[in-house]
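First up is the structure itself, then whatever we jot down about it.
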Amino acid sequence: MERKREHWGNKLGFILAAAGSAVGLGNIWKFPYITGENGGAAFIFIYLICILVIGLPVLIAEILLGRNSQRGPISTFKHLAKKHRNLWVTVGGLFFITGLVILSYYNVIAGWSMGYIVESIAGKISSFQSSADAGVHFNSLVSNPGWIISWQLLFVVLGGFVVYFGVRNGIEKIAKFLMPIFFIILLFLVLWGVSLEGADKGLTFLLKPDWSTVSFKTVLMALGHAFFTLSVGMGVLLTYGSYLKKDENIFFSGIMIALLDTFIALLAGLAIFTSVFAMGFDPAGGPGLVFNVLPAVFSQMPGGNVFSTLFFILLSIAALTSTISILEMLVSTLMDEFKMKRHSSVVLLSGSIFILGIPSALSFGEFGSFRIFGLNWFDMMDYLSANVLLPLGGMLVAIFIGWYISKQEIIGELFHGVRDTQFNRKTSNVWYFLVKFIAPVLILLVFLSAIGVL
Ligand code: TRP
């Protein structure tokens, strides 16, 4: 029976939508600050290896699974698992929960970012003397429940609005419109950062490794971030893959997506660290780096509010094209599994995500004193999803492809849209080996060492 499923209008639409998913707060808000906290270049080096050896192979695996089944995550496992079906359906459920967890706190930071566009335009964040001043302003905003929850709500509604219109008319259209704007703003900020006097200190920080700060925890952070930044490990790219037609070259698309994502993270790091160092600030600013340190940096420059407005527009675009991908995964799961309509799924999920996100939104005020293992609710959600649930999800996808589907079937799927040459055969064998053996073992090792077993 031919199943009705929406498809991308064209290949560029898919690549931009998937790159839009990958490029998000992870690249611009998180990558710079965890790099700053984990010693700069050494961390970047480990992160790049994680992307190449684990992230990219699993990314390709996810897209392949989705395209093969033409279904959302839970239905894909139901449809393709020949053994241990219930177990795999549970894994699909885990993806759903991971999506809810990530979106709940992701929308909060995305909301700050939009709020900061308005602050910049109003000229309220361009006259700080120090990052401590900027920090005071930041804290007064994020500890104000009215401010933070209104922006969070607005962002949830915005994401819901796009997904409401579906894959081709919502997600693909917005990606094609926003991604080019995103690139232009980013290039502009990089050129300006690099042209500052003292920018070379930022470059040194990004290029010269300090291995003394590296531990197993650093490797876990790098691995977790590789998954987070590529949007891998919870069925989002699987869902995007399910809207692909059979004749697209997944290998090529996967490499493009990973390259764009990595390149953009490095460019964002370049723009941010050149300016942070040029103005003499501390790179280890933590989650507030772009909100406390950057406004202080912008305050030191002529035309600072223009740059800060542009920067927060950049951040908000990045966040929007990512949240819609996670929401789409959740929506497609409800549509496939419970035969719900797109519109009612969007409304139900957006409402739930908003409510689930409130504890995260309040973590920067009084509720912040509520701690689990020393972390506030927001940090707990972030840590749990990026460093536990996503690597686990990625490992399960790799195991599923390597051990639950025949090699013949999966390589067959890969070769729809790929020319059957010797070189391509060899590359696909390397890919298969990485997914089947290397990725699961490495992820397991990193887990065990991070919790202190090894
Ligand atoms: N990759 C996005 C970022 O870097 C976040 C994201 C979007 C994501 N979709 C995802 C993370 C799916 C994990 C899984 O900000």
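Counting from 1, the numbers follow the sequence of the chain as shown. Remember, it's 1-based here, ligands and their atoms both numbered in the order they're listed. Reckoned from all heavy atoms, side chains included, excluding hydrogens, waters and symmetry mates.
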Parallel, tilted or perpendicular: rings of Phe205 and Phe277 (30°, 60°): tilted

Phe367 and Trp377 aromatic ring geometry - parallel, tilted or perpendicular at 30°/60° bounds: tilted

Asp247 bridged to Lys11 by N-O distance under 4.0 Å: no

Derivation of the side chain to side chain donor-acceptor pair (under 3.5 Å) call for Tyr243 and Glu328: CA-CA 11 Å; Tyr243 304 128; Glu328 178 60 28; 2.4 Å; yes

Parallel, tilted or perpendicular: ring planes of Phe400 versus Phe77, cut at 30 and 60 degrees: perpendicular

Which N/O atoms of ligand 1 sit under 3.5 Å from a protein N/O, and at what distances?
unit_1	atom_1	unit_2	atom_2	d
ligand 1	1 (N)	Ser21	O	3.2
ligand 1	1 (N)	Ala22	O	3.0
ligand 1	1 (N)	Phe228	O	2.7
ligand 1	1 (N)	Thr229	O	3.2
ligand 1	1 (N)	Ser231	OG	3.1
ligand 1	4 (O)	Ala22	O	3.0
ligand 1	4 (O)	Gly26	N	3.4
ligand 1	4 (O)	Asn27	OD1	3.3
ligand 1	9 (N)	Ser231	OG	3.1
ligand 1	9 (N)	Ser325	OG	3.3
ligand 1	15 (O)	Leu25	N	3.1
ligand 1	15 (O)	Gly26	N	2.7
ligand 1	15 (O)	Tyr106	OH	2.6

Lys30/Asp382 under salt bridge (charged side-chain N to carboxylate O under 4.0 Å, His left out): CA gap, chis, key distance, verdict: CA-CA 11 Å; Lys30 197 169 176 192; Asp382 182 23; 3.2 Å; yes

